[in-house]
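Per chain, numbering begins at 1; letters A, B, ... match sequence-line order. Model, not experiment: these values are computed from the prediction.
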Amino acid sequence: MGAIKKFMYVNRTAPHGSVYAQEGLEVALIGAAFDQEVSMAFIDDGVFQIKSGQDTSATGMKNFSPAYQALGDYEITRLYVERESLEARGLNVDDLMPLTWEDEDDDYNEKPSILIVDSDELAQIIAGQDVIFNY
Amino acid sequence: MGAIKKFMYVNRTAPHGSVYAQEGLEVALIGAAFDQEVSMAFIDDGVFQIKSGQDTSATGMKNFSPAYQALGDYEITRLYVERESLEARGLNVDDLMPLTWEDEDDDYNEKPSILIVDSDELAQIIAGQDVIFNY
Amino acid sequence: MLHTVNKSPFEKNSIRTCLRLARSGSDILLIQDAVYAAKSGSEFAVDMIEAARQHNVYVLEPDLIARGLSQSCLIEGIEPVGYDAFVELAVKNDSVQSWL
Amino acid sequence: MLHTVNKSPFEKNSIRTCLRLARSGSDILLIQDAVYAAKSGSEFAVDMIEAARQHNVYVLEPDLIARGLSQSCLIEGIEPVGYDAFVELAVKNDSVQSWL
Amino acid sequence: MKFAIVVNEGPYQHQASDTAYQFTKAAVAAGHEVVRVFFYHDGVNNGTRLTTPPQDDRNIVDRWSQLANEAGLDLVVCVAAAQRRGIVDADEAKRNGKDAENIADSFRISGLGQLIEAAIQADRLMTFGD
Amino acid sequence: MKFAIVVNEGPYQHQASDTAYQFTKAAVAAGHEVVRVFFYHDGVNNGTRLTTPPQDDRNIVDRWSQLANEAGLDLVVCVAAAQRRGIVDADEAKRNGKDAENIADSFRISGLGQLIEAAIQADRLMTFGD
């Protein structure tokens with residue numbers, strides 16, 4: 001065990017049409033207890049996972065999207081969202097849930113967890129990971 | 001029951017990566033016993049289902065592709081292959097299995113089952129079906 | 001003929017194939033992840049605007065709302081419908097093709 | 001870094017996203033239905049020829065042969081490998097990203 | 001009008017079974033007849049009684065069983081697909097030497113002919129898949 | 001070198017389990033250690049002993065069990081995913097009031113923590129999915 005590893009959860013699927021988004025989020029929340037250096041990436045239709053205003057009631061399915069709000073409390077504070085994926089879908093950061101975390105080293109100020117990065121930056125970040133979870 | 005229906009089996013997935021091609025073929029072969037007017041369409045990666053020379057031995061998977069040869073004996077003699085799908089994949093009819101049927105009304109002459117049709121023709125044929133099976 | 005599509009246009013080729021093989025004037029219903037195709041402002045919207053001119057395009061509203069989209073996001077001419085209208089569309093048309 | 005891709009370029013966006021997010025000089029292994037991306041003469045071949053210049057592109061030979069393709073179909077510079085070489089590629093690289 | 005419904009994916013992994021259920025419920029509510037719901041491919045996994053989904057989520061299997069009981073639906077699991085995936089009733093367990101069975105209430109296992117027959121009998125065939 | 005393997009799809013429907021198996025076998029043959037094979041999402045369906053595939057086809061479940069016995073593999077089925085899909089061992093059957101269980105030889109049911117732990121212990125995490 002020993003050294004802390006860089007874990008990244010890569011989310012590329014839309015929510016609700018398949019379970020990968022929901023069960024992927026469950027892995028990230030469980031994994032938060034293991035004290036690794038954790039981040040998430042939202043690429044392709046994965047950006048729709050954190051679209052604001054989801055309401056599944058008329059489908060009979062579970063609305064798990066509020067659980068993304070818990071990520072900050074679980075100290076998962078770096079959510080990389082690929083700019084090119086957002087733009088291709090006609091979305092911008094205002095269409096996403098306002099996900100934040102409280103910085104205990106800065107008087108518990110609320111800070112945004114969502115980091116918009118372009119493909120080249122994201123490619124570097126992915127290449128720097130030790131372990132990548134894909135669904 | 002009564003009137004004979006036009007049944008079409010629409011194949012759009014590549015073989016081996018998923019089971020739809022294989023289990024779809026099983027439906028068509030079983031369905032042949034029910035005396036309906038049957039045809040199949042091969043669209044998108046579905047055209048790869050009837051690519052010649054498939055050999056799954058090194059993957060440990062079952063090679064079900066020889067079973068397409070049985071379609072003629074089951075009186076499934078109209079296999080529509082979309083020209084645009086073939087062309088996009090750099091394939092032509094010579095890359096496909098030589099699937100044929102014996103015409104008992106014409107001295108058991110062997111005739112080709114594969115009919116290359118363009119999108120517009122295929123759209124008309126699909127629109128004329130009573131029942132369409134999708135996987 | 002009723003065509004249903006259930007896949008996002010950004011992920012899979014289903015809706016492009018549907019639009020290539022649906023005759024003009026077809027009923028097309030976008031369900032599940034295909035509701036993203038009905039959203040204005042995306043890079044697929046140009047194709048969908050044209051499709052909405054050629055066909056009667058519907059989107060399943062429960063799936064739209066589940067994904068945080070609403071009628072105000074829709075490309076003009078695309079009509080949100082419920083499960084009851086989905087059944088009616090299937091009744092009204094002689095046959096159904098599901099583009100998966 | 002090793003990137004694996006398992007989806008056909010004609011069906012799904014996986015390989016396009018891989019090529020957008022793989023740094024130059026990456027090892028890319030095409031498995032399962034992604035082996036179709038290695039085929040010359042398709043409408044995707046132009047992108048793949050360019051990818052084979054920028055990266056080290058491999059194709060899983062058992063999956064290639066299963067689908068009726070062979071080395072003679074391949075885009076130049078794409079190397080067929082077996083399961084043992086798949087393991088070696090995973091060993092050689094520090095991490096693995098699966099584009100599904 | 002008579003409908004036949006096909007479900008090609010298992011519960012939870014894809015929305016196919018959810019949409020098929022909502023469609024079936026709406027069709028029944030509108031006074032139509034659903035002659036059969038046929039579970040094929042991974043769809044056979046809708047027919048196990050061994051699921052225990054989280055309490056705050058829908059129970060996909062039970063929901064099908066209940067609708068079948070209320071509306072008199074015929075829920076058929078394809079035997080060939082079920083054998084590949086481990087959905088088993090008492091007869092199948094005996095035939096294949098299995099020490100357990102897992103078929104859910106109101107589901108039955110039968111052959112692909114039941115799909116073809118339903119497609120012939122019904123006015124419309126509706127497919128829900130991935 | 002130490003590998004952890006993740007399988008996200010069930011047997012037969014997708015090639016994920018096949019490729020994962022061939023990779024695992026090759027890794028073991030090359031002298032590497034596979035610290036765990038973790039079955040998640042529909043991958044949990046690889047862990048039922050109730051399948052009876054056609055005789056001329058591979059038996060995906062048995063193949064995993066055999067490789068586990070030969071190579072000392074730890075085959076873990078995710079409990080949360082298994083509950084949604086009906087993969088059950090004796091303990092789970094008791095806890096959830098089920099009258100049958102279906103877990104296959106050499107598979108065990110445990111939590112998602114086992115996936116994270118394997119990813120920490122292993123030098124490489126390999127994911128096979130749809």
Side-chain angles (χ1 to χ4, degrees), chain D residues 1-18 21-22 26-39 56-69 79-100, chain F residues 1-43 46 56-58 60 63-64 67 70-71 73 81 115-116 118-130:
Chain D
M1 183 164 196
L2 173 61
H3 299 262
T4 67
V5 187
N6 75 332
K7 283 287 173 288
S8 161
F10 311 108
E11 183 199 15
K12 224 183 142 180
N13 65 349
S14 312
I15 193 161
R16 284 187 178 76
T17 302
C18 171
L21 290 171
S26 293
D27 285 343
I28 298 177
L29 174 62
L30 308 173
I31 67 172
Q32 300 177 4
D33 289 346
V35 303
Y36 294 120
K39 184 184 168 301
N56 310 307
V57 183
Y58 305 89
V59 60
L60 193 62
E61 193 164 23
D63 284 340
L64 191 73
I65 292 169
R67 287 158 182 80
L69 303 177
E79 187 184 334
V81 298
Y83 294 111
D84 50 350
F86 185 177
V87 173
E88 284 163 23
L89 282 167
V91 169
K92 178 191 145 203
N93 285 279
D94 288 336
S95 62
V96 185
Q97 158 69 21
S98 304
W99 301 99
L100 304 169
Chain F
M1 177 159 281
K2 293 178 182 175
F3 283 100
I5 312 286
V6 184
V7 181
N8 287 339
E9 299 294 331
Y12 303 101
Q13 186 93 343
H14 295 97
Q15 204 184 339
S17 183
D18 288 280
T19 308
Y21 171 80
Q22 299 293 351
F23 182 93
T24 303
K25 208 172 70 161
V28 168
H32 299 295
E33 183 187 348
V34 174
V35 298
R36 185 162 293 146
V37 184
F38 192 84
F39 296 88
Y40 197 43
H41 305 302
D42 267 5
N46 286 282
D56 61 351
D57 202 352
R58 78 271 191 214
I60 293 180
R63 210 169 54 173
W64 277 118
L67 186 60
E70 289 162 22
L73 299 182
L115 167 59
I116 306 294
I120 292 171
Q121 287 175 356
D123 301 299
R124 301 285 181 274
L125 178 71
M126 307 295 299
T127 304
F128 298 92
D130 175 30

D:Ala34: partners by side chain to side chain contact (heavy atoms under 4.5 Å, CB included), with sequence neighbours left out:
D:Val5, D:Leu30
Measure across F:Phe3 and D:Val91 and return the closest heavy-atom pair with its distance rounded to 0.1 Å.
CZ-CG2, 3.8 Å
Every donor-acceptor pair from chain D to chain F under 3.5 Å, please, each on its own line.
from	atom 1	to	atom 2	distance (Å)
D:Asn6	ND2	F:Gly129	O	3.0
D:Lys7	NZ	F:Asp130	OD1	3.0
D:Gln32	NE2	F:Thr19	OG1	2.8
D:Asp63	OD1	F:Gln15	NE2	2.8
D:Arg67	NH2	F:Gln15	OE1	2.8
D:Ala90	O	F:Arg124	NE	2.7
D:Val91	O	F:Arg124	NH2	2.9
D:Asn93	O	F:Arg124	NE	2.5
D:Asn93	O	F:Arg124	NH2	2.7
D:Asp94	O	F:Arg124	NH1	3.4
D:Ser98	OG	F:Thr127	O	3.1

